[in-house]
Amino acid sequence: MTPASAAPLPKAYRPHAVEGRTYAFWEQGGYFQPHDRDGAPPFTIIMPPPNVTGALHLGHALTTTIEDVLCRWHRMLGEPTLWVPGVDHAGIATQNVVEAALAKEGLSRHDLGRDAFVERVWRWVNETRPRIEEQLRLMGASCDWSRTVFTLDAGPQRAVRTTFVNLFRDGKIYRGHRIINWCPRCQTAISDLEVDYEEERGALWYVRYPWADDGDGGMVIATTRPETIVADVAVAVNPEDERWRDAVGRRVRLPLPGIERELPVIADAAVQIDFGSGALKITPGHDPLDFEIGERHGLEAIRAIDWDGVMSEAAGPYAGLDRDEARRRAVADLEAAGLIVKREEYAHSVGHCQRCNTVVEPLVSDQWFVEMDALAAKAAQVVRDGEVRIVPERFTKVYLQWLENIRPWCISRQLWWGHRIPVWYCLRCDGERITVALKNEEAAGRVSDLLRQGFDEAAIVERADRVQIGEGVTPIVSGESEPEEGCGACGAGTLIQDPDVLDTWFSSGLWPHSTLGWPEQSPDLRRFYPTSVMETGYDIIFFWVARMVMLSCHNMDGVPPFRSIYLHGLVRDAGGRKMSKSLGNAIDPLVAGEQYGMDALRFTLATGSTPGNDMRMTDERLQGSRNFANKLWNGARFVLGELDGARVDRPDPAGATALLPEDRWILSRLHRLAGGVDTLLGDFQLGEAGRQIHDFLWNEFFDWYVEASKVRLRAGDRSPLPVLVHVLDSGLRLLHPYMPFVTEEIWQRLRPHLRDEAAAALIVAPYPRGEARWIDDGAERTFGALQEVVRAIRTVRAEKRVEAGRWVEAYVVADHDATILRDRAAVVEVLARARPLHVVSDRSAAPHEQVVARVLSRGEVVLPLGGLVDLAAERTRLEKEIAESEDRIRRIEGKLASDGFRTKAPAEVIAREQARHEEVQGRLRGLQSRLAELE
RNA sequence: GGGCGAUUAGCUCAGUCGGCCAGAGCGUCCGGUUCACAUCCGGAAGGUCGGAGGUUCAAGUCCUCCAUCGCCCACCA
């Protein structure tokens, strides 16, 4: 850190010269690590780990800013503060990026084989991960880098396996043959949450299914997916539906040519009577509702669409066609057969893969699931009981409703990048049902066949590239990398691991405890769990937040992972659109930081947002924040310049009488602010707190106190220095969480002037608390009167076009406030450029001719302006003000006269109204007598 | 189909136990080279707080309905 005596401060704040150096100073000082102080309870935030896939965007910047503000605040409050940084391996997203890179070389992941592909991803991750961490450093994130975690590190790996095994043994994880969402492009199952539904214009075809025993009639059935007719196994109607009562039990013929199948008509309450014709074709292989109905009625699920979205052998004449082409052909064939009764334009929502936007195909397959009911009940309970608080509160309802309607979570993904499922199968016991493709297409087939071809078991495991597990295979679940004892059933058979990996969110769900060492009972886990706040965007409340609560409660004996959940909104562009690379409207946080300074970016993000609401980011706002940093810099430059090497004591409340009114005023304002900020930050109202700090520093401290202090300083009186230094020091402390760089830089230069300052750095200097003994209503009122006089004179000057530099004589008629105005006349003179200032107690003591007067709330300002006075204009203005005052008095009197008000309003409010009444009355009298003079 | 949010000055937004004449930044207009700062200083104009009811002594704030925009959830064959 540059010593304070170094080069003089440049005229404008230069972020680049400060940020990197200051961050290094903090990091080397070890301030980012938690330090025990008097056994104070710790403050802990686990950072939502950014994906390794890319650069930080403004959403990350917002997260980082809010969490850093909270951490810096709590650190300055003296709490041992821990902010754990981390990075997420981001299964599908990362695999897609690396596969896209491979595709440019004309390769697929299968050309490389699993091991080589995973190695390639690791190489890429090792390049991008440091970049992301570097970006967090540039933002000023005060997180503990000695504890940084990657979701695929050994610790989290172990946490994932342990959780899987425990849930499996509890019967909460199981392998099931069920319908799932399948992305034909990503070639993997995805969970319900990873499907985005988009409204699409399509068609609803009404198709006649002829009776099996009577070719003329039949049932008319509406469908949006004629290509799935090939996989129909039944037709269902509602048991209450009178129209179809006689149909139940009969059979219809599958209407497409080339497939001979009769479909029983069944009754099921899930069928809606008022939709379409009331009859529903049942395709358990390709529709979730049909699958359920099929389960109830023991129907077969035919898979007519294959993993790649192409019709399978089961589709008969349509086999080999793409599903879209198959639809067109099916419609054409139905039309040709005269079986299309009608076609309606129809808008319905179609599921798309969140990652690649491909239309998702519901398919029946073998996947791993988590049974959620018990986990969800617990997660709901801790929120309902208030053990965990959600901010803003309205998201509580959203959270609870989701948990109450939860369904099993499909956690297996047919990817190579991620946490491998800790399950093995025996080649000897199950070799008839396991299919393996070996690397480089040496061979492929069932294990039993490969063994016959001469591959030994070890070679198959070693060279397995793709593995498919058939039905009925017995899983061997193990928390260790491989069960040493081998197959329990046959004793010694070679094992092959389940090829699937887990949904990324499974490992993310363990984050609050896996980062702290679980399943080890580590010192960090004991000390920092449960964490204090989970801060993230409302868009991942289900994906991540709810799952963290569920899995953490399960693993940590029912103790929820955090006390508060703070949800922020999305950052949008100037037009309110979501920022995205493809729209080209995304502001890169690092570019913004480069341009305006990181403090400016942070301040804009922190003060531009309110809890849970989206915000817009514009260059204008960034400029405003940059200007604020510069204002602070220059204000500090002034104070430091005046100090001239002096050391000062803090103002002493016991000696408060030695302080002048403006001193007591600014100190009172400061403590009022500090008290408010304390409350606001405790309630996660970062934006409001930041704005108040901004307004105090600029509009009160710099605009009024600093200007007022110049009166004494120029007269050689150094008595304002302790107040200037103290308020600047406190302001820097208050602002530090928001604008850490510029405040630390200034503070390091201010520190030598602070007598007995114990803190070595602002980042660990105590945060100001509002102290009641400094609150001074009298000083605030009297200085407020002084401000009113100054403003009145300034307004008159501006209206009358008095040259800015010219001094004018002024009279103030004052009664109550005469003392301060007389004592501090010099301040009024300088701020209003009015000299000499005569403070008189009666209007008659001020001149009447050729003057412009302003009636104040108490008293009057009179400026003898000679030829500038326009009597007619004065009269008009006075009449307008009189009318306003009279109107106001009428309203106040109406209120005071009301029985309801006098009997029901609090005494305090009544007193306030009465005082106001008197004040306006006084003002009105002043206005009237002034008008009378002009007549 | 259900739920949530937004609607306040020309623009972007604050306004969280209902209680001064509803605030800020930007923009606009007028005026400023005062030795911290033109990334600045002083002044001004500009709002029936989306609409209609209601509760209350008192409503931008609470309740009901409506309108427009946006979001989330849902097995819309």
Side-chain angles (χ1 to χ4, degrees), chain A residues 9 11-13 197 199 204 221-225 236 270-272 275-277 279-283 287-293 346-349 392 394-395 397-398 401-402 405 538-539 541-542 569-570 574 576 596 600 607-608 610-616 618 620-621 623-642 680 683 685 687-688 691 694-695 699 702-703 706-707 710 714 791 794-799 801-805 830-833 884 887-888 891-892 895 898-906 908-910 912-913 915-916 919-920:
Chain A
L9 287 91
K11 219 172 154 180
Y13 173 58
Y197 289 90
E199 189 87 336
L204 187 62
I221 297 172
T223 181
T224 54
R225 299 200 64 193
V271 180
Q272 285 178 34
F275 191 96
S277 65
L280 174 63
K281 74 188 201 64
I282 301 299
T283 319
D287 184 277
L289 175 62
D290 295 5
F291 183 81
E292 271 181 36
I293 293 175
Y346 187 66
H348 63 306
S349 48
R394 64 186 150 90
F395 287 109
K397 196 167 160 186
V398 178
Q401 275 174 3
W402 186 74
N405 298 299
Y538 66 72
D539 51 333
I541 184 167
F542 307 139
L570 274 43
Y596 299 103
T607 56
T610 43
N613 292 332
D614 296 353
M615 67 171 291
R616 297 186 195 207
T618 62
E620 288 72 31
R621 296 184 85 131
Q623 271 167 29
S625 301
R626 176 203 58 187
N627 295 354
F628 178 44
N630 190 58
K631 182 72 185 177
L632 186 68
W633 180 257
N634 276 293
R637 224 154 62 89
F638 169 78
V639 174
L640 290 167
E642 294 296 326
L680 288 167
D683 201 27
Q685 305 216 45
E688 186 58 22
R691 283 186 288 273
H694 167 277
D695 292 350
N699 302 331
F702 294 135
D703 284 352
V706 166
E707 293 307 317
K710 288 177 181 172
R714 280 185 198 150
R791 286 199 185 100
R794 283 172 172 173
T795 303
V796 170
R797 292 180 58 117
E799 280 176 359
R801 306 273 187 275
V802 177
E803 293 159 68
V830 168
L831 296 189
R833 215 163 176 80
E884 280 168 6
D887 183 54
R888 196 148 170 241
R891 272 181 291 138
I892 296 175
K895 208 184 254 190
S898 138
D899 283 344
F901 182 73
R902 275 186 288 106
T903 55
K904 292 184 180 168
E908 181 192 314
V909 174
I910 295 173
R912 218 179 319 172
E913 274 318 301
R916 202 168 294 149
E919 187 181 301
V920 184

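Numbered from 1 within each chain, the chains take letters A, B, ... in sequence-line order. Everything quoted here is computed from the prediction, not taken from an experiment.
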Original post:
Partners of A:R902 by salt bridge (charged side-chain N to carboxylate O under 4.0 Å, His left out), sequence neighbours excluded?
Top reply: A:D899
**OP:** Please report the closest heavy-atom contact between A:I221 and A:K281, naming both atoms and the distance.
**Re:** CG2-N, 3.6 Å
Subject >> Rounded distance in Å - CG (A:N613) to P (B:U16) >> reply: 13 Å
**OP:** Ignoring hydrogens and angles, answer whether the base of B:U16 and the side-chain atoms of A:E688 contain a donor-acceptor pair closer than 3.5 Å.
**Re:** no
Subject >> Non-neighbouring partners of A:R833 that pass side-chain hydrogen bond (donor to acceptor under 3.5 Å, both in side chains), sequence neighbours left out >> reply: none
Subject >> Most 5' of A:E199 and A:E803 on RNA chain B, judged by nearest nucleotide >> reply: A:E803
Original post:
Which residues satisfy the salt bridge (charged side-chain N to carboxylate O under 4.0 Å, His left out) test with A:E620, sequence neighbours excluded?
Top reply: none
Subject >> For A:D887, all residues meeting salt bridge (charged side-chain N to carboxylate O under 4.0 Å, His left out), sequence neighbours excluded >> reply: A:R890, A:R891
Original post:
In whole Å, what is the span from the CG atom of A:D887 to the P atom of B:U48?
Top reply: 16 Å
Original post:
Under the ring pair (Phe, Tyr, Trp, His ring centres under 6.0 Å) test, which residues partner A:F542, sequence neighbours left out?
Top reply: A:W402
**OP:** With heavy atoms under 4.0 Å as the rule, sort A:P392 into base, sugar-phosphate or nothing.
**Re:** nothing
Subject >> Length of the CD1-P vector between A:I221 and B:C76, whole Å >> reply: 18 Å
**OP:** Please name all residues satisfying side-chain hydrogen bond (donor to acceptor under 3.5 Å, both in side chains) with A:E919, sequence neighbours left out, ordered by chain then number.
**Re:** none
What pairs of nitrogen or oxygen atoms, one from the protein and one from nucleotides 53-55 of chain B, lie under 3.5 Å apart?
none

Could I get a table of every N or O pair under 3.5 Å where one atom is in the protein and the other is in nucleotides 1-4 of chain B?
{"residue": "B:G3", "atom": "O3'", "partner": "A:K397", "partner atom": "NZ", "Å": "3.0"}
{"residue": "B:C4", "atom": "OP1", "partner": "A:K397", "partner atom": "NZ", "Å": "3.0"}

Original post:
Base, sugar-phosphate alone, or nothing: which one does A:V802 contact when heavy atoms must sit under 4.0 Å apart?
Top reply: nothing
Subject >> Between P of B:G19 and CD1 of A:I910, the distance in whole Å >> reply: 16 Å
Original post:
For the pair made of CD in A:E913 and C1' in B:A58, what is the distance, rounded to whole Å?
Top reply: 9 Å
Subject >> Nucleotide pairing, RNA chain B (Watson-Crick or G-U, distances under 3.5 Å), in dot-bracket with [ ] and | >> reply: (((((((..((((.....[...)))).(((((.......))))).....(((((..]....))))))))))))....
**OP:** Output all residues satisfying ring pair (Phe, Tyr, Trp, His ring centres under 6.0 Å) with A:F291, sequence neighbours left out; order by chain, then residue number.
**Re:** none
Original post:
Rounded to whole angstrom units, what separation is found between the CG atom of A:D614 and the P atom of B:C13?
Top reply: 10 Å
Original post:
So does A:E884 pair up with A:R888, basic N to acidic O under 4.0 Å?
Top reply: no
Subject >> B:A59 and B:A52, which share atom name C1', separated by this distance in whole Å >> reply: 15 Å
Original post:
For A:K904 and B:U56, what is the distance between atoms NZ and P respectively, to the nearest whole Å?
Top reply: 8 Å
Original post:
How would you label the contact of A:A347 with the nucleic acid (heavy atoms, under 4.0 Å): base, sugar-phosphate, or nothing?
Top reply: base
Original post:
How does protein reach along nucleotides 32-42 of chain B, written 5' to 3' as B (base within reach of a heavy atom under 4.0 Å), S (only sugar-phosphate), or - (no contact)?
Top reply: S---BBSBSSS
Subject >> Phosphate contact (B:C76 OP1 or OP2) by A:S349 side-chain N/O below 4.0 Å >> reply: no
Original post:
Whole-Å distance between B:A14 P and A:H694 NE2?
Top reply: 16 Å
Original post:
Looking at B:C75, B:C13, B:U16, which one has an atom nearest to any side-chain atom of A:R616?
Top reply: B:C13
Subject >> Contact under 4.0 Å: A:R621 side-chain N or O vs B:G25 OP1/OP2 >> reply: no
Subject >> Results of ring pair (Phe, Tyr, Trp, His ring centres under 6.0 Å) for A:Y346 - residues two or more places apart only >> reply: A:H348
**OP:** Answer with base, sugar-phosphate or nothing: what part of the nucleic acid does A:R912 contact at a heavy-atom distance below 4.0 Å?
**Re:** sugar-phosphate
